[in-house]
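Since this is a predicted model, take the numbers as computed values, not measurements. In what follows, chains carry the letters A, B, and so on, assigned in the order in which the sequence lines appear, proteins first and then strands, with residues in each chain numbered from 1.
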Number of protein chains: 2
Amino acid sequence: MEPKNYLRHIAFDSVILGFSGDKLKILIMKYHNTGLYALPGGFVKMEENLNDAVRRGLKERTGLDNIYLEQFYTFGDVQRYQPESMQTILLANGNSTEQYAWMLERFISVAYYALIDYEKVVPQPDALSDSCGWYDIDNLPALMQDHNEIVNKALQTLRDNIDRKLVGFNLMPLVFTMKELQKVYEAILGESIHRGTFQRKMLGLGILKRHDKQYSGKAHKAPFLYSFEK
Amino acid sequence: MEPKNYLRHIAFDSVILGFSGDKLKILIMKYHNTGLYALPGGFVKMEENLNDAVRRGLKERTGLDNIYLEQFYTFGDVQRYQPESMQTILLANGNSTEQYAWMLERFISVAYYALIDYEKVVPQPDALSDSCGWYDIDNLPALMQDHNEIVNKALQTLRDNIDRKLVGFNLMPLVFTMKELQKVYEAILGESIHRGTFQRKMLGLGILKRHDKQYSGKAHKAPFLYSFEK
DNA sequence: TTACTATTGTCGCAATATGCGACAATAATC
DNA sequence: GATTATTGTCGCATATTGCGACAATAGTAA
């Protein structure tokens, strides 16, 4: 975290979404001894591509690796600048605010979102944070700075893009039932979808491969399992 | 242009689109005595919102004021960093590279696009530039740094958003014929549209107000004039 | 075995949207 | 009054979408 290694005034924040049960979850970090909640974020090194910085920083802070990230907006209002919270974090971790004065300056933040398979991930908090966990998207704590606004904009962008980008691809396990896929779409869109219509549309896309049936032991017809083609 | 007044490492670039005849035009600046072409861009002041900086900077550099700007991507690759071209510009304008050393550092650039009424605008070049003029979108000169890539991404985003955002609103004069509106859509999408289908769709949106006919003096039926509601 | 339940795969129909050609209306000219 | 170019609109064929219905089926209960 040497000051000279990072570009001043530039940060990134990431909205990491996963799916569990019927709900969208989001990855939130909590800082040691501060009660402050925040999106996983970080800084850009002097000789590092912005997109690479996000991948690196996210791995350092959460242990997440090799995920699909989509840039969606850059937040640059002056009101973002709240050195108090950053100072609180630094002090709570025993860092002198002199050495890290650059972190107390105003930042413009490039925001990314990602969709990952909730089951496959055990996020690991880094040294600055005492937890790194999943929260219900509709039951978030108050987050630092403008992070709640960033989350809302990420969700809006995701909904707008759901038909154009292959949303489920990253969020789903290797194989899944049509009903599971539908629940993901419903969670993202925040509305229910007619079962027949959804099935017809998904099959019509030609991107699903049908496998054997999944016998759940329940007293009803067993659903097929699917995976994404290629 | 005092160094201390601006955030280091952060810039913006703008893709200003207008329409003339059958073609999309884009506003390009040419720097004095350098042969360098570039998008109108600028920097962000210490105590200034990013979006405000873009409006201010665009006015300073081109004379354009009060236009609809949409942020679409932030470019942060290391290869963007080409201090040679910036140095060329500074020297050609008689500035010492020492005083402006901060401008030779690496920049991350937040890009915006805008649609404006070509007829209503007479762009004015600023002190650094000897021209500020319209170029055909499909016949651009080679631009500085990654500015050609920025233009392409702006066009792609514009096409993706053409049905969701009220594209024509800013690009059209106060009143216009259906054929004129169609030409704008065709220029943006880069493909021709069936006349009847387009008319039906536009009228179906319920956002056009029909006025008197426009008599051109030509030997055929006169078209209605329209304006956008509200 | 047989009835029953919950869920799945699929279909049909209505409503809506889209691509494309055709036809009548019309402003100016010959 | 005929001709020409262009416009407003419509009809039809073809997708797309919302919604209900029906048969199939895996297990449970009688």
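Checked against a 6.0 Å centroid threshold, the rings of A:Tyr113 and A:Tyr73 do not count as neighbours.
The distance from atom CZ of A:Phe198 to atom P of C:dG9 is 12 Å, rounded to the nearest whole Å. Rounded to whole angstrom, the span from the CG atom of B:Asp163 across to the P atom of C:dA17 amounts to 13 Å. Between the P atom of C:dT8 and the CZ atom of A:Arg210 lies a distance of 13 Å, rounded to the nearest Å. Rounded to an integer number of Å, the gap from A:Gln182 CD to C:dT8 C1' is 12 Å. Across the protein-nucleic acid pair, A:Met202 atom CE and D:dT17 atom P stand 10 Å apart, rounded to whole Å. When the P atom of C:dT8 is taken as reference, atom CD of A:Gln214 falls 10 Å away, rounded to whole Å. One atom, CZ of A:Phe224, and another, C1' of C:dT8, lie 9 Å apart when rounded to the nearest Å. Distance, B:His220 NE2 to D:dG8 C1': 14 Å, rounded to whole Å.
Results of the ring-ring contact (aromatic ring centres under 6.0 Å, His included) test with B:Phe107 over B:Phe43, B:Tyr81, B:Phe12 single out B:Phe43 as the only residue that passes.
In this structure, B:Pro173 and B:Val175 have side chains that are not in contact, with every pair of non-hydrogen atoms separated by 4.5 Å or more.
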Using atom types as modelled, flag every donor-acceptor pair under 3.5 Å from a side chain in residues 218-226 of chain B to any protein atom, sequence neighbours excluded.
{"residue": "B:Tyr226", "atom": "OH", "partner": "B:Arg210", "partner atom": "NE", "Å": "3.1"}
{"residue": "B:Tyr226", "atom": "OH", "partner": "B:Arg210", "partner atom": "NH2", "Å": "2.7"}

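When the side-chain nitrogen and oxygen atoms of B:Lys218 are compared with OP1 and OP2 of D:dT6, none of them lie within a distance under 4.0 Å. At least one side-chain nitrogen or oxygen of B:Lys201 sits closer than 4.0 Å to the OP1 or OP2 atom of C:dT18. Neither OP1 nor OP2 of C:dT8 sits under 4.0 Å from any side-chain N or O of A:Gln199. A close approach under 4.0 Å does not occur between any side-chain nitrogen or oxygen of A:Lys179 and OP1 or OP2 of C:dT7.
Residue B:Gly204 is classed as having no contact, given no heavy-atom separation below 4.0 Å to the nucleic acid. Contacts of B:Ile193 with the nucleic acid, taken as non-hydrogen atoms under 4.0 Å apart, are absent.
Within 3.5 Å, a donor on the side chain of B:Lys221 pairs with an acceptor on the base of D:dT7, or the reverse. At a cut-off of 3.5 angstrom, the base of C:dG9 holds no donor-acceptor pair with the side chain of A:Arg200. Taking only distance into account, the side chain of B:Arg195 never meets the base of C:dG21 through a donor-acceptor pair shorter than 3.5 Å.
The nucleotide whose nearest atom lies closest to any side-chain atom of A:Lys213 is, among C:dC13, D:dT25, D:dG8, D:dT25.
Using a 3.5 Å distance cut-off with no hydrogens or angles, the side chains of B:Thr157 and B:Asp160 do not pair a donor with an acceptor.
Comparing A:Ala219 and A:His194, the nucleotide of DNA chain D nearest to each residue sits closer to the 5' end for A:His194.
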